[in-house]
Engineer: 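Have a look at this one.
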Amino acid sequence: MAEIQIDNLLKSFGAFTAVSDVNITVKDGEFVFLLGPSGCGKTTTLRMIAGLEMPSGGKIAIAGRDVTYLRPRYRNVGMVFQDYGLYRHMTVFGNIAYPLEVRRLDRATIAEKVNAVARTMQITDALNRKPDQLSAGQLQRVAIARMLVRDADVFLMDEPMSHLDAQLRGQMRAELRHIQKQVGVTTIFVTHDQLEAMTMADRIIVMKDGQMLQFATPREIFERPATEFVASFVGEPQMNVFDVTLTQSDRGMVAATPDFAIALDQDWVRRNHLADRAGQIVRLGIRPEHIAIQAGVDAGHPIAATLYSFEPTGAENLYVLRCGTVEVTTRTSTTDTAHLGKDHGTPLAAHIDQNWIYLFDKQTGHTIAQAAASRTDEEEA
Ligand code: ATP
């Protein structure tokens, strides 16, 4: 059982705090992603788990053993880095065999293990070649094979797919997820690519400025974001977020901009104690898929808009709309909007689905009200 337990992890470089207050328990066999923008402390956190960087404070335990200050070789972790770290003078076989030779396994066992992992990673044909003679995709497979060949307690992967083209990345996402589940080794994977994390992870840790913002399943991160940052970081195109004033009207509470007002569900308003915030400016979030559009304004589509840009992606259409001072992106099926104008300036009407509205505190960024239609993992189960 290789659970990873991290308590109050801290790393400072001089006066600069790169990582603080990281508290996580990664379950045995779990595939966990560290997700966040460049410089948020993902790699530093991973390097502390690997033993390549000494923490300034806190504790790391792997399989119940305190490894906080242990040297890397005593931690039994397998790693893949962004640059793969393969030895150029060795063949692929030699590279994969190396961690086993260091452990002084006999030659027959080494050959058996290397051949088995080469079959899994589909690089048997390349075993006698040197890294310089391989494509980016093959190099990545070799690096993963070298990690898999050891009976490690934990796998750590730092942006291993960053050198692959989009098509290969897509293939490798599915393949790596499959292999991780097959071998069942607890794995932490660093990425700044939200799609990678959303499609592969059991759970995601979203980091910003050295701190954890949320640790949850991809679905919960997407549907119940803890902050405006998390909400905007996952999902493509991004969630639309704009300022509104919460205003009491004869229709109950509305979220008003200078140009339009959105009626809020009154049950939701009550459940989230929004009356306490009447008169406040807050941030309203709505994902592109939850805005419907049509040709003319009516009671069903009450927000007058003009088309700023039309972006067909093939499978769906993105419409960027100007609603007064607010700009929103909507995502629609190609059939639903086939009849609509596509030229800049075309008048349209928008309808925001009130069941999918989020509210965030303008000062702290924290979520004030989760969308009425969103569900927690407990509710989903
Ligand atoms: P990226 O995706 O760009 O690799 P990251 O989220 O992995 O980013 P880290 O590499 O962990 O971020 O860096 C976190 C912060 O710590 C950054 O501001 C970085 O400049 C700083 N940092 C990292 N290593 C050192 C070091 N050895 N000395 C000083 N500052 C460092």
Side-chain angles (χ1 to χ4, degrees), residues 31-38 42-43 46 78-86 88 92 95-96 116-149 155-183 185 187-204 206 217-219 221-222 232-239 287-289 309-318 320 329 331-335:
F31 203 3
V32 164
F33 277 60
L34 276 172
L35 173 69
S38 183
K42 308 180 294 290
T43 296
L46 199 77
M79 277 199 82
V80 177
F81 301 96
Q82 202 167 352
D83 60 6
Y84 307 141
L86 299 174
R88 297 178 61 173
V92 167
N95 268 285
I96 301 173
V117 83
R119 276 196 298 277
T120 305
M121 294 310 298
Q122 298 166 28
I123 46 170
T124 303
D125 292 348
L127 281 174
N128 294 322
R129 282 193 243 153
K130 299 247 174 87
D132 285 351
Q133 299 165 306
L134 302 180
S135 68
Q138 287 171 317
L139 284 172
Q140 195 226 19
R141 284 168 184 275
V142 175
I144 293 171
R146 190 180 51 177
M147 177 187 78
L148 291 174
V149 82
F155 291 152
L156 303 175
M157 309 179 87
D158 192 355
E159 306 247 10
M161 308 214 254
S162 56
H163 298 302
L164 305 186
D165 61 39
Q167 198 181 354
L168 258 183
R169 282 171 86 113
Q171 263 173 29
M172 279 312 290
R173 280 204 297 269
E175 203 172 320
L176 252 187
R177 162 116 191 136
H178 175 71
I179 290 170
Q180 196 277 338
K181 288 295 150 216
Q182 219 174 17
V183 297
V185 173
T187 304
I188 302 185
F189 188 116
V190 159
T191 185
H192 63 269
D193 180 343
Q194 59 94 25
L195 184 64
E196 221 161 76
M198 292 298 284
T199 51
M200 293 167 75
D202 292 323
R203 285 192 294 167
I204 300 174
V206 183
T217 60
R219 200 192 53 76
I221 295 266
F222 189 76
S232 303
F233 201 76
V234 297
E236 176 63 39
Q238 277 191 356
M239 182 185 278
R287 291 203 183 273
E289 49 274 36
S309 76
F310 170 69
E311 299 168 12
T313 68
E316 58 198 11
N317 288 335
L318 304 181
V320 181
T329 299
R331 170 150 96 187
T332 61
S333 82
T334 48
T335 42

Engineer: If a pair satisfies ring-ring contact (aromatic ring centres under 6.0 Å, His included) and one of its residues is in residues 117-143, list it, with sequence neighbours excluded.
Structural biologist: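 Not a single pair qualifies under ring-ring contact (aromatic ring centres under 6.0 Å, His included).
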Engineer: Distance-only, no hydrogens or angles: does the E289 side chain make a donor-acceptor pair with backbone N or O of T332 under 3.5 Å?
Structural biologist: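 Between the backbone of T332 and the side chain of E289 there is no qualifying donor-acceptor contact (under 3.5 Å).
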Engineer: For R119, enumerate each residue passing the salt bridge (charged side-chain N to carboxylate O under 4.0 Å, His left out) test, keeping only those at least two apart in sequence or located in another chain.
Structural biologist: none
Engineer: Once side chain to side chain donor-acceptor pair (under 3.5 Å) is applied, do any residues pair with R169, and if so which ones, sequence neighbours excluded?
Structural biologist: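 If we apply the side chain to side chain donor-acceptor pair (under 3.5 Å) test to R169, skipping adjacent residues, the hits are D193, E196.
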Engineer: Taking all heavy atoms of P160 and all of V190, pick out the closest pair and write down the distance.
Structural biologist: CD-O, 4.5 Å
Engineer: Please list, chain by chain and in numerical order, all residues satisfying ring-ring contact (aromatic ring centres under 6.0 Å, His included) with F189, sequence neighbours excluded.
Structural biologist: F33
Engineer: I'd like to check I204 versus V32 (side-chain heavy atoms, cut-off strictly below 4.5 Å). Are they in contact?
Structural biologist: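 Result no, sub-4.5 Å side-chain heavy-atom pair not found.
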Engineer: Does any non-hydrogen side-chain atom of T334 lie less than 4.5 Å from one of P312?
Structural biologist: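 They are not in side-chain contact.
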Engineer: When you compare the side chain of F222 with that of R287, does any pair of heavy atoms fall below 4.5 Å?
Structural biologist: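 They are in contact (side-chain heavy atoms under 4.5 Å apart), so the answer is yes.
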Engineer: For the pair T187 (side chain) and V185 (backbone), establish whether a donor and an acceptor sit closer than 3.5 Å, ignoring hydrogens and angles.
Structural biologist: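 Confirmed, T187 side chain pairs with V185 backbone.
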Engineer: Please check this pair: side chain of R331 against backbone of E236, looking for a donor-acceptor N/O pair closer than 3.5 Å.
Structural biologist: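 At least one qualifying donor-acceptor pair exists.
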Engineer: For residues M200 and M161, determine if any side-chain heavy atom of one lies less than 4.5 Å from a side-chain heavy atom of the other.
Structural biologist: yes
Engineer: Please enumerate all residues that pass side chain to side chain donor-acceptor pair (under 3.5 Å) together with D202, with sequence neighbours excluded.
Structural biologist: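 In terms of side chain to side chain donor-acceptor pair (under 3.5 Å), with neighbours along the sequence ignored, D202 is linked to R177, K181.
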Engineer: Does P218 reach the side chain of M198, with side-chain heavy atoms less than 4.5 Å apart?
Structural biologist: yes
Engineer: Looking at N95 and P131, what are the two nearest heavy atoms and their distance?
Structural biologist: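 Looks like ND2-CG, 3.9 Å.
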Engineer: Please list, chain by chain and in numerical order, all residues satisfying side chain to side chain contact (heavy atoms under 4.5 Å, CB included) with D165, sequence neighbours excluded.
Structural biologist: Q167, L168
Engineer: Would you compute the distance between atom CG of L34 and atom CG of L156 and round it to the nearest 0.5 angstrom?
Structural biologist: 9.5 Å
Engineer: What's the separation between atom CG in L139 and atom CD1 in I144, rounded to the nearest 0.5 Å?
Structural biologist: 11.0 Å
Engineer: For residues 128-148, pull every pair meeting side-chain hydrogen bond (donor to acceptor under 3.5 Å, both in side chains), keeping only residues two or more places apart or in separate chains.
Structural biologist: R88-D132, S135-Q138, R141-E175
Engineer: Taking salt bridge (charged side-chain N to carboxylate O under 4.0 Å, His left out) as the definition, give me every residue that meets it alongside D158, ordered by chain and number, with sequence neighbours left out.
Structural biologist: none
Engineer: Who pairs with S309 by side chain to side chain donor-acceptor pair (under 3.5 Å), at least two apart in sequence or on another chain?
Structural biologist: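 Per chain and number, S309 pairs via side chain to side chain donor-acceptor pair (under 3.5 Å) with E311.
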Engineer: Return the set of residues passing side chain to side chain contact (heavy atoms under 4.5 Å, CB included) with F81 (not counting sequence neighbours), or none when no residue passes.
Structural biologist: L52, M79, D83
Engineer: State which residues pass ring-ring contact (aromatic ring centres under 6.0 Å, His included) with H163; sequence neighbours excluded, sorted by chain then number.
Structural biologist: Y84
Engineer: What's the spacing between L35 CG and H192 NE2 if we round to 0.5 Å?
Structural biologist: 9.5 Å
Engineer: Flag the pair V142 / M121 as yes when at least one side-chain heavy-atom distance between them is below 4.5 Å, and no otherwise.
Structural biologist: no
Engineer: Testing the basics here: between S333 and N317, what is the closest heavy-atom pair and its distance to 0.1 Å?
Structural biologist: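 Closest approach of S333 to N317, heavy atoms only: O-ND2, 4.4 Å.
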Engineer: The criterion is side chain to side chain contact (heavy atoms under 4.5 Å, CB included); which residues satisfy it with V117, sequence neighbours excluded?
Structural biologist: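 Scan of V117 (side chain to side chain contact (heavy atoms under 4.5 Å, CB included), adjacent residues dropped) gives I96, A145, L148, V149.
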Engineer: To the nearest 0.5 Å, how far apart are CD1 in I188 and CZ in F155?
Structural biologist: 13.0 Å
Engineer: Less than 4.5 Å apart, any side-chain heavy atom of E159 and any of K42?
Structural biologist: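 Yes - at least one pair of side-chain heavy atoms lies under 4.5 Å apart.
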Engineer: Do the side chains of V206 and I221 get nearer than 4.5 Å, heavy atoms only?
Structural biologist: yes
